[in-house]
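To start, the structure under review is shown below, and the notes come after it.
First listed ligand is number 1; within each ligand, the first listed atom is number 1. This one's a predicted model, so the numbers in the text were calculated from it and none came from an experiment.
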Amino acid sequence: MVADLWAGISDELRREVGDSNHKSWIAPLECIEVSEDILRLRAPSRFVGDWVKRNYHDQIIAHLQKSGLAVKRLDFEFGPARVAAAPEAARVRAGHDDGLQSAPLDAKLCFENFVVGKPNELAHAAARRVAEGAAVTFNPLFLYGGVGLGKTHLMQAIAWELQENRPDMQVLYLSAEQFMYRFVQALRDRQIMDFKNLFRSVDVLMVDDVQFIAGKDSTQEEFFHTFNALVDQNKQIVISADRAPGEIKDLEARISSRLQCGLVVDLHPTNYELRLGILQRKAALFSQGYGSITIDDGVLEFLAHRITSNVRVLEGALQRLFAFSSLIGQEITLDMVQDCLSDILRTSERRVTVEEIQRKVAEYYNIRLSDMLGPKRTRTIARPRQVAMYLSKELTSRSLPEIGRRFGGRDHTTILHGVRKVEEMRGNDSQIKEDIELLRRLLEN
Ligand code: ADP
Ligand code: MG
């Protein structure tokens, strides 16, 4: 990169011209770009530029050529360095079209609209901490989880909150795809210096869906440098991805290990309580928009029960019900839900039973079904049993006591213990995690 090259040459020149000359004439120069056989530099004033041209022109050219650049001429621009201008341009305010623009933020994606439950409480707490804008305690914050579990929501909530709390801070939120797009554009327009300077001038950088840059080598490389530069300056970084850093295929090892240096939190799949909470919140929001539409008892519970895939689908379902109900001027009933959402309900339909889960899990771990239900407590039996308990809780609508009865008459606290145990292992044992994912897929098809 030209900037690095220039930094090296500037160092060499220090040795040749002495510290005080260097400080007066060379250090204030900013390298803009090399194009064809011209190196463009920015000098703080015409006077400095002329002086450098007269006194150091040939020396600088010699160094450039020594480092392999076929540069024959220096060209000067004058005026304050662009680095200084960057912070203004980097404002997060959506809609500003100058310089480094943050991706537009969705007004709905704020903390007030984020419903907190067991599956996301850690991610939420970490996001809240970052949003305070106080001294950086963990860097980066790495949020991961499946589609539609609230990663983007939390990141944008951080951006909104920081705008409130710390208007002095430059906050930049963008997707990894946008990062790449800007990088490629900068390369094409030979504005890589600007790109670097702008990205290094933010106080908080948030990059969404970072798995996107995996396998894109030069973008990864640039991301890595930007990342390191900001971490070195103690600037907060927030990253999201659809899986844990170590599990992103084709992501360079050094990047994935840097990503794990801070706080890594995952958003777990939603549970019934969270889904119901979200539905209640959204229903309240929609009611404001649609006027007085009443929802029959049991409708939200039914939806929370049946639509388990992701929150976006859940939201879409509710949206459709409101639209439909306002169209025909009737309250939202369970019958309407059946008619109106038959497509969504069909794909979310799961007739998985506890018995089926037990059978599949026993088969998968190669143990006897009778052992799974029996009293043996050796690890080789107990582990699969707990996995089966966990899946029963996740994939069926059975209550803990009901599940307990089907596991050879065990107490509901035993089931709860098993479920918790597996939840915990999912976080730090990638084998278990993989097993569960596989079994889940086997059972859902
Ligand atoms: P992701 O980025 O993880 O794929 P999003 O943040 O885009 O998911 O969330 C998908 C949709 O679900 C958004 O409309 C978001 O507002 C909503 N959503 C997800 N989790 C929650 C939550 N805990 N509370 C309220 N809404 C949520
Ligand atoms: Mg997202």
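The shortest contact between atom 2 (O) of ligand 1 and any protein heavy atom is with T152 OG1, 2.8 Å. Scanning the protein heavy atoms around atom 7 (O) of ligand 1, the nearest turns out to be R312 NH2, 2.8 Å. Here the protein heavy atom with the shortest distance to atom 15 (C) of ligand 1 is H153 ND1, 3.4 Å. Annotation: atom 11 (C) of ligand 1 to nearest protein heavy atom, E315 OE1, 3.8 Å. The shortest contact between atom 8 (O) of ligand 1 and any protein heavy atom is with G150 N, 3.2 Å. Considering only non-hydrogen protein atoms, atom 18 (N) of ligand 1 sits nearest to V311 CG1, 3.3 Å. Protein heavy atom nearest atom 25 (C) of ligand 1, with residue, atom name and distance: N113 O, 3.2 Å. For atom 26 (N) of ligand 1, the closest non-hydrogen atom on the protein side is K282 NZ, 3.2 Å.
Contact annotation: for V115 versus ligand 1, heavy atoms closer than 4.0 Å belong to both the backbone and the side chain. Contacts of N120 with ligand 1, taken as heavy-atom pairs under 4.0 Å, involve the side chain alone. Under 4.0 Å from ligand 1, not a single heavy atom of K108 appears.
For K216 and F212, the positive end sits near the middle of the six-membered ring, less than 6.0 Å away and at most 45° from its axis.
Under the 3.5 Å distance criterion, the side-chain polar atoms of S10 are left unmatched by any main-chain donor or acceptor of W6. A distance-only check finds a donor-acceptor pair linking the side chain of S240 to the backbone of D209 [under 3.5 Å]. R385 places a side-chain N or O within donor-acceptor distance of the main-chain N or O of D371, the cut-off being under 3.5 Å. No donor-acceptor pair closer than 3.5 Å links the side chain of R42 to the backbone N or O of E30.
Across every non-hydrogen atom of V265 and A123, the tightest pair is CG1-N, 4.0 Å.
Residue V147 has no nitrogen or oxygen atom sitting less than 3.5 Å from a nitrogen or oxygen atom of ligand 1, judged on distance alone. Between F114 and ligand 1, no N or O atom pair is found at a separation short of 3.5 Å. For L109, no nitrogen or oxygen atom sits less than 3.5 Å from a nitrogen or oxygen atom of ligand 1, counting backbone and side chain alike. Of the polar atoms of V116, none of the N or O atoms is found under 3.5 Å from an N or O of ligand 1, judged by distance alone.
Distance OG1/T414 to CD1/I403: 12.0 Å, rounded to 0.5 Å.
Atom CZ of R129 has 12 or fewer heavy atoms from other residues, nucleotides or ligands within 6.0 Å. Counting non-hydrogen atoms of neighbouring residues, nucleotides and ligands closer than 6.0 angstrom, the CD atom of E315 exceeds 12 such neighbours.
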Full working for salt bridge (charged side-chain N to carboxylate O under 4.0 Å, His left out) between K393 and E423: CA-CA 11 Å; K393 178 76 179 76; E423 271 171 358; over 6 Å; no

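For the Mg ion (ligand 2), the set of nearby N, O or S atoms under 2.8 Å includes one belonging to T152.
Shown in contact with I278 at under 4.0 Å from a heavy atom are these atoms of ligand 1, numbered in order with element: 21 (C), 22 (C), 23 (N), 24 (N).
In this structure, the ring of F195 has its center less than 6.0 angstrom from the ring center of F179.
Heavy-atom proximity to atom 4 (O) of ligand 1, evaluated over A241, P119, G148, is greatest for G148.
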